[in-house]
Amino acid sequence: MGLAPEARGARRGVTPLGARIAALIADTGPITVADYMALCLGDPEHGYYMTREPFGSAGDFVTAPEVSQVFGELVGLWAVATWLAMGSPPSFILAELGPGRGTLMADLLRAARLRPAFGAAARVHLVETSPRLRTLQEATLGGTAVAWHGDVASLPDGPAIIVANEFFDALPVRQYVRTDGGWAERMVGLDTAGRLAFGLRPVSEPPASPLPSSERARARGGDLASAILEVSPAATGIISRLAGRLARDGGALLAIDYGHEGPAFGDTLQAMRGHAFADPLAEPGVADLTAHVDFAALAEAARAAGATPRPLLGQGEFLARLGIAARAERLAAGKDAATVAAIGAAVRRLTAPDAMGTLFKVLAVSQSGLALPAFDGDA
Ligand code: SAH
């Protein structure tokens, strides 16, 4: 299959996984961006989450739970209030998707101790593909009984509270491009020197189902020359399954991530290495790969599955409504000046519009008729 080369990097794909991907492409042809992402992140031997230590100042990026314990504690208060709104079921599934080091769940459970009945009712389930991170999560969560799953499909039935921070951005996206000759899918192939390179493969139309209908109409209008449209069948598939169970068995889900509110056109595939942006094709398995989350597509998938998505909140607004200022003040009480300053800086980082406050957004989805804290009036 011919590939029309786009931009080219100098030395692409030179990692062991890069060599394997190049060999695969040489044998069987170009692969989709989604397949490329899935290999880079999840390859059992060389995948990023299987081998690397992504988190913290020595890693590649810092996530909200790693910025401050206040983040997980407030999500814990949200979970307790949600459980109370659900009628305090005596047993429920408390699930986290992509728990990383396990920090969020540990902080959540600690804050939730103010309602011991919550902890007694919670059955903790973690959805995590990386054996290495499962070991870390087990260590962080100490004595808590935890069940792991490789996929949301095996979570047990029953009422559930599900949280996910920076999980959906790690799910593979397919990229479609509107060219003068019609729609094409962006692929990863090889250039003439045998290095990984982006190219385009003509398709008759981008897949209809994950696209909000208004965007389908716009896209057909042809006024979006060269715009890249990203869809994540993996993300909408997971939300759809979870929303279906919330509608059936009750409960709520909180997805916190960076992304856009409405369907947007643009290439958001990004690689991060050592806190800096990198070429997504340069170091397969060594750099983190993510894409912005299309929250409109997630909300539409949730609604189609029978659950109720709420309007998005910015992370800053969400944390403010849960009382981050008071919580930080209590944490700082009696501490030395350096600690007080560090807590203030962490709160700023989580909430300020020029930090994580607005780029990061919070989507809540629940069974219908549930009053969710921070989202529904005085709940
Ligand atoms: N929530 C954590 C970690 C975010 S990184 C935090 O905020 O710090 C993404 C996490 O999702 C990692 O734990 C990674 O191993 C996991 N992950 C990525 N893709 C996954 C998939 N398809 N299924 C399950 N877990 C996945």
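One-based numbering, in listed order, for ligands and for the atoms of each.
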Q. Looking only at heavy atoms, is any part of Leu133 under 4.0 Å from ligand 1, and if so is it the side chain, the backbone, or both, or is it neither?
A. side chain
**Q.** Contact partition for Thr63 relative to ligand 1, non-hydrogen atoms under 4.0 Å
**A.** side chain
Q. Are Phe118 and Phe92 near enough that their ring centres are under 6.0 Å apart?
A. yes
In plain terms, say whether [X] and [Y] are close enough for a salt bridge, that is, a side-chain N and a carboxylate O under 4.0 Å apart.
X      : Y      : result
Asp354 : Arg348 : yes
Arg101 : Glu53  : yes
Glu261 : Lys361 : no
Asp288 : Arg52  : no
Glu138 : Arg134 : no

Which is closest to [atom] by heavy-atom distance: [options]?
atom                    : options                : value
atom 5 (S) of ligand 1  : Phe71, Tyr48, Tyr49    : Tyr49
atom 12 (C) of ligand 1 : Glu128, Arg101, Gln137 : Glu128
atom 4 (C) of ligand 1  : Met50, His149, Glu166  : Glu166

Which ligand 1 atoms, with their elements, are less than 4.0 angstrom from a heavy-atom of [X]?
X      : value
Gly100 : 2 (C), 3 (C), 13 (O)
Phe167 : 11 (O), 20 (C), 21 (C), 23 (N), 24 (C), 25 (N), 26 (C)
Pro65  : 7 (O)

Q) Going by heavy atoms, is Leu171 under 4.0 Å from ligand 1? A) yes
Q | contact_flag Leu104 ligand 1 heavy-atom lt 4.0 Å | A | no
Q) Tyr258 and Phe295: which non-hydrogen atoms are nearest, and at how many Å? A) C-CE1, 4.3 Å
(Q) Quick check: closest heavy atoms across Ala247 and Ala307, and the distance to 0.1 Å? (A) CB-N, 4.2 Å
Nearest neighbour in protein (non-hydrogen) for [atom]:
atom                    : answer
atom 7 (O) of ligand 1  : Asn165 ND2, 2.8 Å
atom 2 (C) of ligand 1  : Gly98 O, 3.3 Å
atom 20 (C) of ligand 1 : Thr129 OG1, 3.6 Å

Q. Taking atom CZ of Arg174 and atom CD of Glu230, what is their separation to the nearest 0.5 Å?
A. 13.0 Å
